[in-house]
Amino acid sequence: MTKTVNTTPYTDQKPGTSGLRKKVPVFQQPNYAENFIQSIFDSLEGFAGKTLVIGGDGRFYNREVIQIAIKMAAANGFGRVLVGRGGILSTPAASHVIRKYEAFGGIVLSASHNPGGPAEDFGIKYNIGNGGPAPEKVTDAIYAHTKTIERYKIADVADVNLDAEGEQEVAGMTVQVINPVSDYAELMETLFDFTAIRAHLAGGFRIVFDAMSAVTGPYAKEILENRLGAAKGSVLNFVPLPDFGGHHPDPNLVHARALYEEMMGENAPDFGAASDGDGDRNLIIGKGIFVTPSDSLAMLAANATLAPGYAKGLAGIARSMPTSGAADRVAEKLGIGIYETPTGWKFFGNLLDAGLATICGEESAGTGSSHVREKDGLWAVLLWLNILAVRKESVVDIAREHWTTYGRNYYSRHDYEEVDSAAANGLMDALREQLTTLPGRKLGDLTIETADDFSYHDPVDHSVSNNQGIRILFEGGSRVVFRLSGTGTSGATLRVYIERFEPDATKHDVDTQVALADLIEAADALAGIKERTGRTEPTVIT
Ligand code: G16
C-alpha cells in the first residue's frame, strides 16, 4: 500500500519569510510538492505514530496537495491526521488545533494574502508542536533536504473524503476530518467578553467585516453573526473561493478599497475590518479613521486588560523591527518588556513560549497573542470589539486619546513590487556599503544619527539572524528602513518603511504622507530608488 518513488531535487525550494510560496504551475511540476513535503518529514524526528494537522485556506490546488500530504503522512509513519472539513483551516485555527490536540506539528497550505487561481500563488508551510511556524533551524534543514532528495514515500490509496466529518483509515493511519470552526470559536469565547460585545451590538453599534472571499468567511459568520448577534449581512464575501473571486485577498487600503470608502462615507458603520487569504492578517477601520497596524498593536496592548483573557496584564510586547515604535511607549508606561524581532511571525514563538511576551504585532497587518502561535485576524477584531464594548467610545476617540497620552508615530510603508531582482539587490548592496559613512550626514533638515543592518539575537535560544533590514535613524527619532520582501513570488519587492514620532497633540491631524514627506524624499536620495528601479512611485502605499 506504500510506495517509494524516485525523484530528483528542485533547486528553488528555499522557504521564505513564511514557508515555500510559488506560482501554482511551479507546484504542479512533477513531484514538486512531494519533494518539499518529504523534505519536511526528513527534517523531523520522533513523529512515528503521532498526530499531524493539515489544512489550508481553500485556494486553488489546496485539495490536491492535501490529498498528497495525507498519503505521504501515512507512508512516513504518522499515526493520525486531523484535517479541516473541505481541507479548510485558517492559519490561526490550524495553530490552535495543533496546540489543543497536542499534535506533533502541522502542514498549512497557503500563500496568505497573495492572489489564488491556476496562474496565481500557492504555498506550503510547516508548523511545529507549539503551533507556530518552524524556526529557521528547521526551515534551513528542510531546504538542505530539498537539495539532495532522491525518493519520497506515499501511500498508494484512493483519495480521502474531505467533506464528511469523522474518522477514516488510510494505509494504517487514522484521518479525522474535523469541523474547522468550532475549536477556534470556543477559544475566542474564553478570551473575550462575548456578553458585553453582544450587548453593545444589540445597542446599535454597527460593524462590517469583509472576509474577501477567503478563509475567514465561515469563522466570521459563526462568531460575529451567529454567536455575537451582529446584523445578518455584516459579514461580506463570506464564501471562500479558490480564486478569491479574482481579488487580491490582502486587507490593505488598496485591496480593501470598497470597505475603506464605506468607512469614510457619511453613513459609515461604527467599525470596519477585513482579513486576508488565510485569516491571520487584519485591517481595522473606525468610522472615519484607518488605524495603522502599528498603532493597532499599541492601542490593543494599552487596553488589553479590558478583555477577560488579558485581565491579569501582559508579560511583554513584541514587534517586528520595521513596525513603528508606538508599542514601545505603551510597554514603557506599563513597565513591561518590549522585544524587537526580524520580520516573520516565527521569531515571536520563542518569546511567547518563554512567557516573555503576551501580545505581538507587525506593520504588515498582523497582530496576535499567546493564545496561539500565529498572528490572528479575527482575534484582533474581537479584541477591538471587546475594548469598544467596554469603553463605549468611538474608534476615533480612542485613537486620539492614545496619541495624546503617548504621542503619535506617523507611519507608512511604500512597496515597489515586481522590481527586477538584480536592481533590488544592487540597491540594498549599495546601501550596505554606505552604512559606516552615513552617521552625521545631512539631508535637508534631517541628520542621520545611526545606520545599520539589523541583526537579531534571540534572547531565548541565542540564535543570531543577520541582514534583516537596513535601518537609517535620524536625530529626533525618525527613521527609514529598507528591506526586500521574503513572501513575493515574482521579481523582488522593495519595502521602504517610514516613521516620524510626533509628541505634540496639536500636530496630530496632519495627513500621513505630508507628515513624512521629507523622510520619503530622504529615502529616495539615500537609496536611489527611482534611478535603480525605474519606478517613479510605489506600487502600494499603506
Ligand atoms: C508573512 C509573515 C509575516 C511578515 C509578512 C510580510 O505574513 O508571517 O511575519 O510580516 O509575511 O513579510 P515580507 O515583508 O517578507 O513580505 P503572511 O501573512 O504573508 O503569512
Side-chain angles (χ1 to χ4, degrees), residues 14-22 56-57 59 90-92 94-95 108-116 121-127 131-136 139 212 214-216 244 248-252 255 274-283 292-294 297 318-324 339-349 351-352 360-368 372-380 413-419 424 428 454 456 465 467-470 481-497 538-540 542:
K14 185 173 170 46
T17 307
S18 189
L20 183 69
R21 288 189 192 165
K22 300 282 175 194
D57 63 11
R59 67 178 57 226
S90 76
T91 292
S95 183
V108 182
L109 306 175
S110 165
S112 188
H113 52 290
N114 296 0
D121 291 3
F122 191 76
I124 304 181
K125 183 170 78 157
Y126 179 69
N127 282 25
E136 277 189 333
T139 55
M212 302 188 90
V215 80
T216 44
F244 307 116
H248 211 116
D250 191 353
N252 63 27
H255 300 298
S275 190
D276 69 333
D278 62 333
D280 56 2
R281 297 186 174 205
N282 70 87
L283 170 69
T292 68
S294 295
L297 169 68
R319 64 163 173 87
S320 67
M321 180 274 283
T323 304
S324 95
Y339 301 88
E340 188 178 32
T341 60
T343 294
W345 203 263
K346 59 188 174 221
F347 292 102
F348 294 133
L351 299 171
L352 292 165
C360 309
E362 295 187 285
E363 49 67 38
S364 56
T367 342
V372 289
R373 292 294 180 273
E374 290 277 5
K375 54 191 185 277
D376 188 344
L378 264 174
W379 170 90
R413 187 177 93 186
H414 289 196
D415 292 337
Y416 297 81
E417 293 176 349
E418 298 192 32
V419 169
M428 294 299 287
F454 181 60
Y456 180 59
S465 305
N467 301 323
Q468 297 295 327
I470 290 177
V481 173
F482 298 86
R483 61 178 281 283
L484 299 184
S485 159
T487 56
T489 55
S490 51
T493 294
L494 170 68
R495 302 205 194 283
V496 186
Y497 311 82
T539 328
V540 178
T542 48

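The analysis underlying the following values was restricted to heavy atoms, covering all of them including side chains, and did not include hydrogens, waters or symmetry mates. Counting starts at 1 for both ligands and their atoms, following the listed order.
Looking at atom 6 (C) of ligand 1, its nearest protein heavy atom turns out to be Arg281 NH2, 3.8 Å. Atom 20 (O) of ligand 1 has its closest protein heavy atom at Arg21 NH2, 2.8 Å. Protein heavy atom nearest atom 10 (O) of ligand 1, with residue, atom name and distance: Ser364 OG, 2.7 Å. Among all protein heavy atoms, the one lying closest to atom 11 (O) of ligand 1 is Thr487 CG2, 3.3 Å.
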Exercise. Could you go step by step and tell me if Asn127 and Glu374 meet the side-chain contact (heavy atoms from CB on, under 4.5 Å) rule?
Worked result: CA-CA 9 Å; Asn127 282 25; Glu374 290 277 5; 2.8 Å; yes

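With salt bridges taken as basic N to acidic carboxylate O contacts below 4.0 Å, none links Glu362 and Arg319. The pair Arg281-Asp250 counts as a salt bridge, with a side-chain nitrogen and a carboxylate oxygen less than 4.0 angstrom apart.
Asp415 and Thr493 are not linked by any side-chain donor-acceptor pair at a separation below 3.5 angstrom, with hydrogens and angles left out of the test.
Atom 17 (P) of ligand 1 has its nearest heavy-atom neighbour, among Gly277, Gly366, Ser112, in Ser112. Ranked by closest heavy atom to atom 1 (C) of ligand 1, the top entry among Arg483, Glu362, Lys375, Arg495 is Lys375.
Which parts of ligand 1 touch Gly344 is read off a 4.0 Å heavy-atom cut-off, strictly below it: atoms 9 (O). In the vicinity of Gly486, heavy-atom distances shorter than 4.0 Å reach the ligand 1 atoms 13 (P), 15 (O), 16 (O).
The aromatic rings of Tyr456 and Phe347 stand perpendicular to each other, their planes meeting at an angle above 60°, with 30° marking the opposite boundary.
In this view, Arg373 and Asp353 satisfy the salt bridge (Lys or Arg N to Asp or Glu O under 4.0 Å) rule, not counting sequence neighbours.
For the residue pair Trp345 and Gly368, the shortest heavy atom distance occurs at CH2-N, 3.6 Å.
Residue-level proximity to ligand 1 for Lys346 is absent, since no heavy atom of it falls below 4.0 angstrom.
Taking any N or O of Asp278, backbone or side chain, none lies under 3.5 Å from an N or O belonging to ligand 1.
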